[in-house]
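Reminder, nothing fancy here: chain letters follow the sequence lines and each chain counts from 1. Keep in mind that this is a model prediction, so the values were computed, not measured.
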Amino acid sequence: MSKEITSRSVDFSKWYNDIVVKAGLAEHSSVRGCMVIKPYGFAIWEKMKSILDARFKATGHVNAAFPLLIPKSFLSKEAAHVEGFAKECAVVTHYRLKNAEDGSGVIVDPDAKLEEELIIRPTSETIIWNTYKNWIRSYRDLPLLINQWANVMRWEMRTRLFLRTSEFFWQEGHTAHATKQEAIDETEMILKEYANFMENYIGVPVIKGVKTESERFAGADNTYTTEGLMQDGKALQMGTSHFLGQNFAKAFDVKFQTKEGGLEHVWATSWGVSTRLMGALVMAHSDDKGLVVPPKLAPIQVVIVPILGKKMNAKLDLLQAAVDNIKGQLDGVSVKYDGDDTKRAGFKFAEYEMKGIPLRIAIGPRDLDNGTVEIARRDTQTKDTYSIDNVGDTVRQLLEEIQNSLYQKALDFRKSHTTKVDTFDEFKEVLNGKGGFVYAHWDGTAETEAAIKEATKATIRCIPLDNEQEEGVCVFSGKPSKQRVLFAKAY
RNA sequence: CGGGGUGUAGCGCAGUCCGGUUAGCGCACCUGUUUUGGGAACAGGGGGUCGCAGGUUCGAAUCCUGCCACCCCGACCA
């Protein structure tokens, strides 16, 4: 057994790391804080991308690409923005290397110092709004609905594969609108798209809500979020959508002429999801045998493994016919046939379980005699024998069942890990016990929020949208409160 | 940036305290034979600047000095 995975119950972090590495999703690179996303991991990310990209386009957005490097001065134009990001920016100071005179290798050429340093984008609002200034003149240029798929860099102190790396991949939408309401509508529309994707594709139920001021994106008037719950009872912010007000329009002086001839600053949004979603996928569904990939995101949905050997050697023609038969019935399903005769079937079973392939079809000599196949579900680890004649229908139905069942399981988990509390003792007890989401009354002040974080490490994940209004008192300060907010320990 | 730990074959490790054959083990890899319905067995084989740089010594993976890298735990964050 060369590929043992640390059990979730022993060490959740180690378990997570083991899955990511051993399922072939990603590994640490030689660059501190940066990972290599391996082909299998990237294939899943590509599926996420193509689904999201289609939705962005269906809702009127187009893709573009803006520079990786941003003049340092741009960042400082929006006060809150610079405050939020300055501490984690990588800075380019020179544009040339040269050989050291003592032959010790290559060094930075001190004569090639940049007049203005460039930062590697931690996010692109500034370079984009600097550009939008030139693109927007009239109300007829609006709305401007642009997305970019890009990598960004934030110099993190501590990193974890997919969940927090210095460089990460994401999409960032940046839109400009003529009215405040239109920008808010855009922000909320995207949030719904995100939630839909997370629930129906990744299979993770999410709470939609708005962030408190202290958790808000640097430069936003309002930040909307989708919060998922992982198997260890910690929350993961899976996507955010920001209403930027006129902050960037004012900082970069982006005005448009109205129909009536007036001159006004435009209203903005930005929104993004990142490769962090890969982490959510892992932590929501996987088990001690490895990764579990929801069928809709699986690069390979079905793997066919023949049971090779002496008995099978006499029936290779029949095997080929059976494989062709199965593949013929699975048009539109992603199928891999693994006829590698240097590895044994048992080895392959374990390997594909590690990689989370939703369905495995095994065909042995007995199956060929009986006109059957054995189909194993990755999620439930159950095996059953089915007739080969309608394997297409069977597979399609099972894939759908798996997709639904993963979501349902995650939903059940969330239900059993969501607690309403009315006292601070209860609050601490739940967080130190089973964890999960905690709904509690909060007096609405940043001081209380900070004090609770200090005392429990839990933060306000969001104030849920359409939140039930209910009179109560803050669990911490005892001051009056009109609603419960969502607390959790978070990634 | 603080605390802890680790650097020896692709991966995981032993050896380091107490210096001394040709640096060893498991997995992986290559060749062959027998196998093949849940990670095959046997036989043979290839693969090493012992993190880097100095120093001590007849002799250094091992002792000394300096440096570097990475991982884990905290503070910051999607």
Minimum-distance nucleotide (side-chain atoms of A:Arg360 versus B:rU36, B:rG39, B:rG38)
B:rG38
Using atom CD of A:Glu227 as one end and atom C1' of B:rA78 as the other, report the distance to the nearest whole Å.
10 Å
Which listed nucleotide (B:rC76, B:rU36, B:rG38) is nearest to the side chain of A:Met157?
B:rC76
Mind checking if A:Phe168 touches a base, just sugar-phosphate, or nothing, with heavy atoms under 4.0 Å?
base
Which whole number of Å gives the distance between the C1' atom of B:rU65 and that of B:rU57?
16 Å
Atom-to-atom span, NZ of A:Lys14 to C1' of B:rG12 - whole angstrom
13 Å
Under 6.0 Å from the ring centre and within 45 degrees of the ring axis: does the NZ or CZ of A:Lys14 meet both conditions for the six-membered ring of A:Phe12?
no
If the test is ring-ring contact (aromatic ring centres under 6.0 Å, His included), which one of A:Phe248, A:Tyr224, A:Phe217, A:Trp271 qualifies with A:His242?
A:Phe217
Counter-base of B:rA41, judged by Watson-Crick or G-U geometry with both distances under 3.5 Å:
B:rU33
Before you tell me yes or no, could you show the steps for A:Val282 and A:Ile19 under side chain to side chain contact (heavy atoms under 4.5 Å, CB included), namely the whole-Å CA-CA distance, both residues' side-chain angles and the distance that decides it to 0.1 Å?
CA-CA 8 Å; A:Val282 172; A:Ile19 301 262; 3.8 Å; yes
Enumerate, atom names and distances included, each donor-acceptor pair closer than 3.5 Å involving a side-chain atom of residues 294-313 of chain A, sequence neighbours excluded.
| residue | atom | partner | partner atom | Å |
| --- | --- | --- | --- | --- |
| A:Lys296 | NZ | A:Asn200 | O | 3.3 |
| A:Gln301 | OE1 | A:Ser334 | N | 2.9 |
| A:Gln301 | NE2 | A:Pro295 | O | 3.1 |
| A:Asn313 | ND2 | A:Gly309 | O | 3.4 |

Report the nucleotide, chosen from B:rG38, B:rG74, B:rC76, that has the shortest atom-to-atom distance to any side-chain atom of A:Lys457.
B:rG74
When both hydrogen-bonding distances must be under 3.5 Å and the geometry is Watson-Crick or G-U wobble, what is B:rG47 paired with, if anything?
none
Look at A:Lys310 and B:rU35 and indicate whether a side-chain polar atom (N or O) is within less than 4.0 Å of OP1 or OP2.
yes
B:rG39 versus B:rU22 - spacing of their C1' atoms, nearest Å:
35 Å
In terms of ring plane angle, is the pair A:His417 and A:Phe413 parallel, tilted or perpendicular, where the classes change at 30° and 60°?
parallel
Could you please name the partner base of B:rA53, counting Watson-Crick and G-U wobble pairs only when both distances are under 3.5 Å?
B:rU65
Mind listing the N/O atom pairs, protein and nucleotides 68-72 of chain B, below 3.5 Å?
| residue | atom | partner | partner atom | Å |
| --- | --- | --- | --- | --- |
| B:rC70 | OP1 | A:Arg32 | N | 3.4 |
| B:rC71 | OP1 | A:His28 | ND1 | 3.3 |

Regarding A:Leu236, tell me which of base, sugar-phosphate or nothing describes its non-hydrogen contacts under 4.0 Å with the strands shown.
nothing
Between B:rC1 and B:rU62 - P atom distance, rounded Å:
29 Å
Could you check how far CG of A:Asp369 sits from C1' of B:rG37, rounded to whole Å?
13 Å
Taking N and O atoms by type only, does the side chain of A:Glu374 place a donor or acceptor under 3.5 Å from a partner on the base of B:rG38?
no
With respect to the side chain of A:Lys289, which nucleotide from B:rA75, B:rA40, B:rG38 is positioned closest?
B:rG38
Mark yes when over 12 heavy atoms from residues, nucleotides or ligands other than A:Gln381 sit less than 6.0 Å from its CD; otherwise mark no.
yes
Classify the ring geometry of A:Trp267 against A:Phe243: parallel below 30°, tilted from 30° to 60°, perpendicular beyond 60°.
parallel
At under 4.0 Å between heavy atoms, what does A:Asp367 touch on the DNA or RNA strands: base, sugar-phosphate, or nothing?
base
B:rG37, OP1 or OP2 - any side-chain N/O from A:Arg366 closer than 4.0 Å?
no
Between B:rC50 and B:rG38, how far is it from one P atom to the other, in whole Å?
45 Å
Base, sugar-phosphate, or nothing: which does A:Glu172 touch, judged by heavy atoms less than 4.0 Å apart?
nothing
Name the residue closer to the 5' end of RNA chain B, choosing between A:Ser166 and A:Val373 according to the nucleotide with the nearest heavy atom.
A:Val373
From the options B:rA75, B:rG37, B:rA78, select the nucleotide whose nearest atom is closest to the side chain of A:Pro365.
B:rG37
What is the distance from NZ of A:Lys343 to C1' of B:rC29, rounded to the nearest Å?
11 Å
By nearest atom, which of the nucleotides B:rC76, B:rG39, B:rG37 is closest to the A:Lys87 side chain?
B:rC76
Report the base-pairing partner of B:rG10 (Watson-Crick or G-U wobble, both distances below 3.5 angstrom), or none.
B:rC27
Test side chain to side chain contact (heavy atoms under 4.5 Å, CB included) on A:Met238 and A:Val204; report intermediate values, then the result.
CA-CA 10 Å; A:Met238 292 173 64; A:Val204 177; 3.9 Å; yes
Quick check: on RNA chain B, is the nucleotide nearest A:Gly309 upstream (toward 5') of the one nearest A:Lys348, or the reverse? Name the residue that is more 5'.
A:Gly309
Between B:rC52 and B:rA60 - C1' atom distance, rounded Å:
16 Å
Between atom NZ in A:Lys383 and atom P in B:rG37, what is the gap in whole Å?
11 Å
Considering only the C1' atoms, how many Å lie between B:rG12 and B:rC17, rounded to the nearest integer?
23 Å
May I ask you to say whether A:Lys38 pairs ionically with A:Glu27, meaning some side-chain N is under 4.0 Å from a carboxylate O?
yes
Please report, rounded to the nearest Å, how far the P atom of B:rC27 is from the CE atom of A:Met354.
17 Å
Give the rounded distance in Å between these two atoms: CD1 of A:Ile363 and P of B:rU36.
19 Å
Is there a Watson-Crick or G-U wobble partner for B:rU21 with both distances under 3.5 Å, and which nucleotide is it?
none
Does NZ or CZ of A:Arg461 come closer than 6.0 Å to the centre of the six-membered ring of A:Phe437, within 45° of the ring's axis?
no
Any-strand Watson-Crick or G-U partner of B:rG59, both distances under 3.5 Å:
none
Please give the distance between the C1' atoms of B:rA23 and B:rA9 as a whole number of Å.
11 Å
Return the value, rounded to whole Å, for the distance between atom CZ of A:Phe347 and atom P of B:rU35.
22 Å
Would you mind classifying the nucleic acid contact of A:Glu156 as base, sugar-phosphate or nothing, using non-hydrogen atoms under 4.0 angstrom?
base
Between B:rG44 and B:rG55, how far apart are the two P atoms, rounded to whole Å?
44 Å
